[in-house]
Amino acid sequence: MAEQSGENLIQKLDSNMSINPIEDQGIKWLSPMEAPFRILGFPWLSKEKTYRRMPMVCTPPIPEAVNYLANCTAGGQIHFQTDSKELLIAVQLQAPANMVHMPATGQCGFDCYVDFGHGDGFQFCNVTRYPLEQDHYKIQLLDLESSKMRKVILNFPLYQGVKEVFIGVQKDATILGSSDFQQNPLIFYGTSITQGGCASRPGLAYTNILSRYLQRECINLGFSGNGKGEAEVAKVISSIPNPGGLILDYEANCMSTELYKQTLPKFIHTYRKVHPLVPILVISRIQSSMDIISPTFHEERLERKEFQKSWIHEEQKNGDQNLHFYDGSYLLGEQWLEGTVDGVHPTDLGFMSMANTLYPVIREIF
C-alpha cells in the first residue's frame with residue numbers, strides 16, 4: 001500500500017484540518033463594491049475602485065517599496081448585515097502565500113466576525129483555509145441553523161493583495177448596510193508590526209482589534225520594513241479627509257537615531273500644515289530580543305525614546321496641545337519576548353496585549 005503523505009494523513013485523521021469542497025448551488029454572489037456593503041480601510045477606494053492603501057498615482061511620488069506594499073490589504077474591512085444562513089467568500093489574490101514565519105491565514109486569508117445580537121459584540125467565527133499553492137479560493141465561512149439578521153465584518157488579508165472578492169449568500173437572503181462604526185478614521189502609520197506581521201489571521205492585527213473595541217474605522221498604513229517617516233508619505237496621508245487622529249509607530253524602521261531625529265519633526269510638521277488640530281500620538285518602539293543580545297541596540301532605543309519625549313514636550317510648550325507621546329517599551333506585556341514569533345514580530349498574544357494596552361490611551365486622547 002502506498003504510504004500517505006503526512007499532510008494527507010493528518011487531514012484524514014482530523015476533519016478539522018481538512019479543506020472541504022464547496023457547494024454553491026442556491027447561492028447568489030455579490031460584489032462588496034456595491035451598496036449596501038460598506039468597505040473600510042481604503043481611503044481612495046471610492047475614486048479608484050481598487051483594494052489599495054495608497055493612491056495609484058501619488059503626488060509627490062512615494063518610495064517604490066511603499067508603493068508596492070500599498071497593495072497589501074491590511075486593515076481593510078467589509079461591513080454588512082444579512083439573514084442568510086450560509087455565507088461564502090470567493091477571492092482572487094495577487095499571488096499565492098509565500099511567507100516563512102507568518103501563517104497563510106494571516107498573510108492571504110479573510111476572517112469573519114459576527115454580532116449575533118446577544119450583547120457580546122462581534123465574535124470570531126471562521127477564517128479562510130485553502131491549498132497554499134493557489135492564488136484564489138472559494139470558502140464557506142458560515143452555515144447557521146436559523147435565518148436571522150446579523151451584523152458581519154470580514155477582514156482583508158494582511159500581507160497580500162486582493163484583485164477581486166465576492167460575497168455569497170442564499171438567493172432569498174436580505175443584505176442590509178451596517179453603519180455603527182464611526183467614519184472619522186484613526187490613521188495608523190508604521191512598520192511591519194503595524195501592518196500585522198505576524199498575526200495568525202487578519203482580525204488579530206492590533207489595528208483590527210482596536211477597530212472592534214472602538215467601533216471605529218482604523219486605516220492601516222503599516223509598511224513592512226519601509227514605513228520610514230518620509231515627508232512625501234506624510235503629505236499623501238494628509239489628503240485623507242476627516243481624520244479622527246494619527247498614530248505614528250515607525251521608529252523601528254529608522255536605521256539610526258539621527259535619521260529618526262530628522263524625519264519625525266518633518267513628518268509631523270508636514271501633516272500639521274493640513275491638519276493643525278488633529279490629535280497625533282507618537283509611540284516609541286517595543287522591545288525586541290536585540291535589546292537583550294546587543295547593549296548598543298538597547299541604548300539606541302532608549303536614546304530615541306528620550307528624544308521623542310523631549311521633542312514632543314517642546315512642541316507642546318510651543319502650543320501643540322494635540323501632540324502626545326506614549327512609551328511603547330512594554331506594549332507586549334511584562335513577558336514581552338513570549339509575545340513574539342521571532343523576537344520582533346508579535347504573535348496573536350502580543351497583538352492582543354498591544355491592543356488592550358493602547359485601548360484606554362487612545363480612548364482618552366481621541
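All values reported here derive from a predicted model rather than from experimental measurement. We use all heavy atoms of the structure for the numbers below, so side chains are in, but hydrogens, waters and symmetry mates are not.
- Annotation for Gln170 and Ser84: closest pair N-OG, 3.0 Å, computed over non-hydrogen atoms.
- With hydrogens and angles left out, the side-chain atoms of Tyr68 and Asn226 include no donor and acceptor closer than 3.5 Å.
- Not a single donor-acceptor pair under 3.5 Å links the side chain of Asp291 to the backbone N or O of Gln287.
- Rounded to the nearest 0.5 angstrom, Leu323 CG and Asn318 CG are separated by 11.0 Å.
- Heavy atoms of other residues, nucleotides or ligands lying less than 6.0 angstrom from CD of Glu364 number 12 at most.
- Judged purely by distance below 3.5 Å, without hydrogens or angles, the side chains of Glu217 and Gln77 never pair a donor atom with an acceptor atom.
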If you look only at distance, which donor and acceptor atoms sit under 3.5 Å apart when one is on a side chain in residues 33-40 and the other is two or more places apart or in another chain?
{"residue": "Arg38", "atom": "NH1", "partner": "Phe181", "partner atom": "O", "Å": "3.2"}
{"residue": "Arg38", "atom": "NH2", "partner": "Phe181", "partner atom": "O", "Å": "3.2"}

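- Heavy-atom minimum distance, Ile209 versus Ala355: CG2-CB, 3.4 Å.
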Stepwise side-chain hydrogen bond (donor to acceptor under 3.5 Å, both in side chains) check, His269 with Glu315: CA-CA 10 Å; His269 290 159; Glu315 291 292 296; 3.2 Å; yes
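- Inspection of the Asn98 and Gln107 side chains reveals an N or O donor paired with an N or O acceptor under 3.5 Å.
- In this view, Met149 and Gln81, Asp83, Thr174, Leu176 satisfy the side-chain contact (heavy atoms from CB on, under 4.5 Å) rule, not counting sequence neighbours.
- The pair Lys151-Asp180 meets the salt-bridge criterion, since a charged nitrogen lies less than 4.0 angstrom from a carboxylate oxygen.
- Between Val344 and Asp342, the closest heavy-atom pair is N-OD1, 2.9 Å.
- Under the 3.5 Å distance criterion, with hydrogens and angles disregarded, no donor-acceptor pair is assigned to the side chains of Thr73 and Gln160.
- For the pair Ser353 and Thr357, the tightest heavy-atom approach, listed with the atom from each and the gap, is O-OG1, 2.8 Å.
- Atom CD of Gln183 has 12 or fewer neighbouring heavy atoms from other residues, nucleotides or ligands inside a 6.0 Å radius.
- For Leu158 against Ala205, the heavy-atom pair with the smallest separation is CD2-CB, 3.9 Å.
- Cluster annotation: Leu221 and Leu358 are assigned to distinct hydrophobic clusters (Ile/Leu/Val/Met/Phe/Trp/Tyr, side-chain heavy-atom contacts under 4.5 Å, transitive).
- A distance of 5.0 Å separates CG in Leu264 from CH2 in Trp311, rounded to the nearest 0.5 Å.
- Under the 3.5 Å distance criterion, with hydrogens and angles disregarded, a donor-acceptor pair is assigned to the side chains of Arg52 and Asn67.
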Using residues 230-247 as the side-chain source, report each donor-acceptor pair under 3.5 Å to any protein atom, sequence neighbours left out, with the distance given to one decimal.
{"residue": "Ser238", "atom": "OG", "partner": "Lys235", "partner atom": "O", "Å": "2.6"}
{"residue": "Ser239", "atom": "OG", "partner": "Val236", "partner atom": "O", "Å": "2.5"}

CA sep, side-chain torsions, deciding dist, call: Tyr189, Phe267, ring-ring contact (aromatic ring centres under 6.0 Å, His included): CA-CA 11 Å; Tyr189 172 76; Phe267 192 102; 4.9 Å; yes
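- Residues Phe223 and Tyr250 place their aromatic rings such that the two centres sit no closer than 6.0 Å.
- Tracing side-chain contacts under 4.5 Å through hydrophobic residues (I, L, V, M, F, W, Y), one never reaches Leu349 starting from Leu210; they form parts of separate clusters.
- Comment: Lys261 does not engage Glu258 in a salt bridge, judged by the lack of any side-chain N to carboxylate O separation of less than 4.0 angstrom.
- For Pro279 against Ile365, the heavy-atom pair with the smallest separation is CB-CG2, 4.1 Å.
- Under the salt bridge (charged side-chain N to carboxylate O under 4.0 Å, His left out) rule, Asp327 has a single partner from Arg301, Lys305, Arg285, which is Lys305.
- None of Asn208, Asn155, Asn126 except one satisfies the side-chain hydrogen bond (donor to acceptor under 3.5 Å, both in side chains) rule with Asp111; the exception is Asn155.
- Remark: Leu154 CG to Phe110 CZ distance equals 7.5 Å, nearest 0.5 Å.
- Salt bridge absent: Asp115 and Arg150 never bring a charged side-chain N and a carboxylate O closer than 4.0 Å.
- From Arg53, atom CZ reaches atom CG of Leu69 across 7.0 Å, with rounding to the nearest 0.5 Å.
- Side-chain N/O atoms of Gln92 and Tyr137 include no donor and acceptor closer than 3.5 Å.
- Annotation for Phe116: atom CZ counts as buried by contact number, over 12 foreign heavy atoms lying within 6.0 Å.
- In the model, Ser224 has a side-chain atom that pairs as donor or acceptor with a side-chain atom of Tyr159 under 3.5 Å.
- With no hydrogens or angles considered, no side-chain donor-acceptor pair links Asn253 and Thr191 at under 3.5 Å.
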